[in-house]
Amino acid sequence: MIGVGDRERATQKRVLARLKALGWRYLGDWTDRENRNLEQDLLKVFWARTGVAPTLQIRAYDRLREAASRSDLSPYHANKAFYGLLRYGVKVQPGPAENNVTVWPIDWDNPDSNEFTVAEEVTLKPDDAAAFVKRPDLVLYVNGIAVGMIELKRASVDVGQGIRQIFDSQGPRFVPRFFSTIQLVMAGNESQGLRYATTGTPQRNWLTWKEVGAENAQSLDDALGQLLTPVRLLELMHDFIVFDAGVKKTCRHNQFFGVKAAREHVRRREGGIIWHTQGSGKSLTMTWLAKWLRETYPDARVLVVTDREELDAQIAGVFAGVDEDIRRTRDGAQLIAWLNDTVPPLMCSLVHKFGRVSENDGRDVDAFAADLKRELPTDFLPKGNLFVFVDECHRTQSGKLNRAMRTILPDAMFIGFTGTPLLKAEKATSLETFGPIIHAYKFDEAVRDRVVLDLRYEARDIDQYLGDQAKIDEWFDTHTAALTETARAAVKKRWGTLKNVTSSHERLDRIVTDICMDFEIRQRLLDGRGNAILVTNSVHQACKLYQMFEATPLAGKVAIVSSYRPNVQDVKGEDAGEGQTEALEKYDIYRRMLNGQSAEDFEREVKERFIKEPGLMRLLIVVDKLLTGFDAPPATYLYIDKKMQDHGLFQAICRVNRLDGDDKDYGYIVDYRDLFNSLERAITDYTHGAFDGYDRDDVAGLITDRKDRAQRELEETRETLHAMVEPVELPKDLPAHFAWFAATGDPKKVGEAAPRRLAFYRQVARMIRQYADLAPELSNLGYDESAKRLLTDDVRRFADLSEALKVASGDSVDMTKFEPAMRKLIDTYVRARDVEVISDFGKRGLIDLIVERGADAVELLPEEIRKKPEAVAEVIENNVRRLIIDSSPANPRYYERMSDLLEALVRQRREQAISYAEYLAKVAEFIRQVEGGELSSYPVGIETGGQRALHDTLGDAEAAMVVHAAVKRHARDGWRDSLPKSNELKRALRPLVPSELFDEVHAVLRAQDEY
């Protein structure tokens, strides 16, 4: 039978063959070797071949070695310092009083001059002697410098495991200094392909590569062939690595190909537009292109033009974050002065600073431009090779100001950037102003790549149910019909509070009630992991809504963020004794909310809580702020009660399409204004109405009807789960499911069953989220009572089976973070359970509970298991087998004997030689003995775990004590990870251990913590 390690090794060998075909030379298996991130011999060969003098080689290597091993810097800063030497060369002095010369570790201009090599099983000694040795599958070297690392998994193991291995290896206990030279890290398998990132990147931010024209992510082989050709790798390292304010980053495929396409336009002196959808990294694309321009053209100057103050500040922050000294203009005079000079090379400005005239002053472009020119100094002549990046080029910049701007910068090259489609009315003008589309990365492609999430849209007619008290009660019953009795009772208890919200603004009451109900029943809102933004029409309306929410269970977790600043001067003379005016009411509510804080400090604090502690800041009410810009906080739900269209609407709805946790599948948009006239026209075509200004193809697929799409996906997941349980053998009871998904009773198939089980968990979690999303509306979707009952039964059955499998397989503890919000959804929509019982399994697992409580721990098992003695027994036995497998390396002989005893106990049970009660008592005692290491009695003096393991392996107490003493005497600190130290210990032990047992004894010693 092929083992797990064999299957992964087969993938590794195939990847090595692929790399060799790409031009990488194989260095060998480096398991038993002292390994470093700088291989001096390989680097010297490269330098000698490129004509670097021996004295310069020594000095340059010393600089590199020092930079590669610095422990006084954080991993980020150490990597940044070494990258500087790689990219810009090592400055060394040939001799006294001589000028510095640059020694290049990599020949960037001639990729073929470099040597590309790969080693496998590269053993790395951890910084913490108590930590495990690290052994990445493959390490990539360029001229002997470790620049890449690859972890490979078999097809049935999630690629995330490889990502976590690489991330953990960078931690302070392991090998952080080895990563000081590493530029790209990769993890892959044959089923999911390849993921890549830079050092220090958390799992959620790893990327998938895709070539131009490819619909979906590439296979493992294809991605390796595209990323790791020598030319492509050096290009990524040289041109697409940035250190951005404490975070090292590399490019997505759209950024790479967008910049590459822009370069070709620049070489031809042709402008154009880069259209990369919101959230896909447009600002970094700008910085990479600007860096290339300044390095390629010595006299290049870049001016970034925006039309809003906040965008100007944001872009300046991005450039500054990657150590690019960009200067913001103070006013129009300073902009003209800078353009008329040779410095600064990087500038950003508002388009309006090109002149004091208005965009809407009625004059034609020629007259407009003539007036601008008259305001210029007489000696005005823009200096340098000027490139103008126009951000959000679909707006003001495509109009009169931009065309006039071009007349005073006639030799400049203009490149437009946009995150939204071009309006039909402006498309011709934009293309005429900037040139053709250089590169496009539309919303639907970004969704397929999981760069952003799909959007689910729903127009709500809040007047339908909310009028008199009878309709309010009907509305409540409709929305809570699918809840469990426990959840329904909890909502009903709070319902009295909601019904007491009163105001003369009846429509706003209904919106507040509707949103509060969503927070009680909608996924990610009810569990506190997600939150929402409400867009309102005015600051006064925002204040009224805030006041109403303060009388609901959301009190203290709602805030307004707007441009309004309460100033006592604004309300002077407002109080005429006729009651509060709108201005006074707005002023008083806002002041109460700020509670003595400045508006700036308050907004900064609530934004931080909204992002980092969504359970404490559930809802932000906005008017015009937080709806655009990359620093706007992500949310799960966007409620719209404001007339919006085209660009403003497009940017606003993209607030909820950002990735934000594994349990966020979509962004949700709830529209109280029916912006697409979908209620009136009973259609779900969202390329019209509020998006009338766009060409249909440019917004196709941007948003989809929440209910229609969600119903299709729920039924698809339901069908998938039925297919997954189809192979379970008759009678298809719980033990039969355990046998298929957890290999109970057949330990040889445990590895085979694990991928099936994990896939099942994921699909069940997905179905529960989908069901929770639609449960209140099943009747409206065409489900009659019988169909609803069958669907609910399926959800309950699969949820129960998933929980039972986690206990049966011993996965309970491992899975506590797999679906952090799932318990809340199950309790609300499927079946409320004893919270204490479930939490016990989530924290400790069955074995620990049996050790603590004995046979009584069985009472804590889920009912589906507990009511079937056969199922209980198989669950216990499977957990014990897992314990045996996990513990076996520390004392193989002992655990082999323990396994035999377990199987004997299993036979007794199956042959009904003992009663069920006797079995439970015996197995509980057996587990206690196993956990305590007391299954056998040992001779006097054999006391520690290491001594017992040596006794069991050697079969003799005296021999065990002799070897134990020798190990204590000869094992030097870090012997496991040092080949010389390990060999020294082996030499001391060989005379004491029979040759046929030597390898087994050595393996036991490595697994025992006390040695």
Side-chain angles (χ1 to χ4, degrees), residues 212-213 251-290 292-293 302-308 311-312 314-315 318 348-349 351 365 386-407 409-446 451 628-630 646-648 650-651 654 691 693-700 702:
V212 173
C251 60
R252 295 188 179 105
H253 62 86
N254 64 292
Q255 294 168 316
F256 178 85
F257 291 113
V259 170
K260 294 270 286 182
R263 290 179 185 177
E264 292 305 311
H265 275 250
V266 168
R267 290 187 180 105
R268 299 194 302 265
R269 296 300 295 181
E270 294 177 3
I273 295 172
I274 294 177
W275 169 17
H276 284 184
T277 195
Q278 295 273 317
S280 62
K282 179 163 53 75
S283 299
L284 275 179
T285 301
M286 279 189 193
T287 64
W288 276 313
L289 183 55
W292 177 81
L293 286 169
V302 178
L303 169 65
V304 183
V305 178
T306 69
D307 67 346
R308 290 207 310 264
L311 273 179
D312 191 54
Q314 287 168 6
I315 288 172
V318 171
C348 60
S349 174
V351 67
V365 174
L386 196 60
F387 297 88
V388 182
F389 293 176
V390 183
D391 190 36
E392 300 301 348
C393 64
H394 56 270
R395 292 198 296 251
T396 305
Q397 296 93 316
S398 285
K400 191 177 297 182
L401 276 173
N402 194 350
R403 281 174 282 167
M405 182 171 62
R406 294 178 69 96
T407 67
L409 299 175
D411 297 324
M413 181 173 171
F414 284 70
I415 298 177
F417 291 81
T418 183
T420 62
L422 301 175
L423 289 169
K424 285 186 288 191
E426 297 176 359
K427 184 174 279 191
T429 304
S430 296
L431 296 177
E432 179 187 334
T433 302
F434 293 98
I437 298 293
I438 293 172
H439 190 263
Y441 186 60
K442 297 183 182 181
F443 180 87
D444 56 345
E445 189 177 358
V451 171
T628 62
F630 63 87
D646 299 331
H647 297 312
F650 190 106
Q651 291 182 312
C654 287
F691 283 159
Y694 292 131
D695 278 333
R696 181 188 184 93
D697 289 345
D698 288 347
V699 291
L702 174 60

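Nothing here was measured: the structure is a model prediction, and the numbers come from that model. Numbers here are sequence positions counted from 1. We use all heavy atoms of the structure for the numbers below, so side chains are in, but hydrogens, waters and symmetry mates are not.
- With H265 contributing its side chain and G271 its backbone, the two residues share a donor-acceptor pair below 3.5 Å.
- Scanning all heavy atoms of the two residues, the minimum distance from F256 to C251 falls at CB-SG, 3.7 Å.
- With sequence neighbours excluded, the residues that form a side-chain contact (heavy atoms from CB on, under 4.5 Å) with A412 are L386, V388, L409, F414.
- The side chain to side chain donor-acceptor pair (under 3.5 Å) test applied to W292 returns T296, not counting sequence neighbours.
- What you find for V451 and S280 is that their closest heavy atoms are CG1-CA, 4.0 Å.
- Residue F417 is tested with I273, V304, L289, V390 for a side-chain contact (heavy atoms from CB on, under 4.5 Å); the sole match is L289.
- Formation of a donor-acceptor pair under 3.5 Å by the Q255 side chain with backbone atoms of L284 is not found in this model.
- With rounding to the nearest 0.5 Å, the separation of CG in D391 from CD1 in I274 is 11.0 Å.
- When all heavy atoms of I438 and A262 are compared, the pair lying nearest together is CG2-N, 3.5 Å.
- Closest approach of F434 and G416 over heavy atoms only: CD2-N, 3.7 Å.
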For this session: Could you check I315 against F389 for side-chain contact (heavy atoms from CB on, under 4.5 Å), going step by step and ending with a plain yes or no?
Result: CA-CA 11 Å; I315 288 172; F389 293 176; over 6 Å; no

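- When every heavy atom of H276 is checked against every heavy atom of N254, the shortest pair comes out as CE1-O, 3.1 Å.
- Considering only residues two or more places apart in sequence or on other chains, R268 meets the salt bridge (Lys or Arg N to Asp or Glu O under 4.0 Å) condition with E270.
- To the nearest 0.5 angstrom, R263 atom CZ is 9.0 Å from L293 atom CG.
- The minimum heavy-atom distance between A446 and T277, with the atom names listed, is CB-CG2, 3.7 Å.
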For this session: Show your reasoning for whether side-chain contact (heavy atoms from CB on, under 4.5 Å) applies to S349 and L303.
Result: CA-CA 7 Å; S349 174; L303 169 65; 4.2 Å; yes

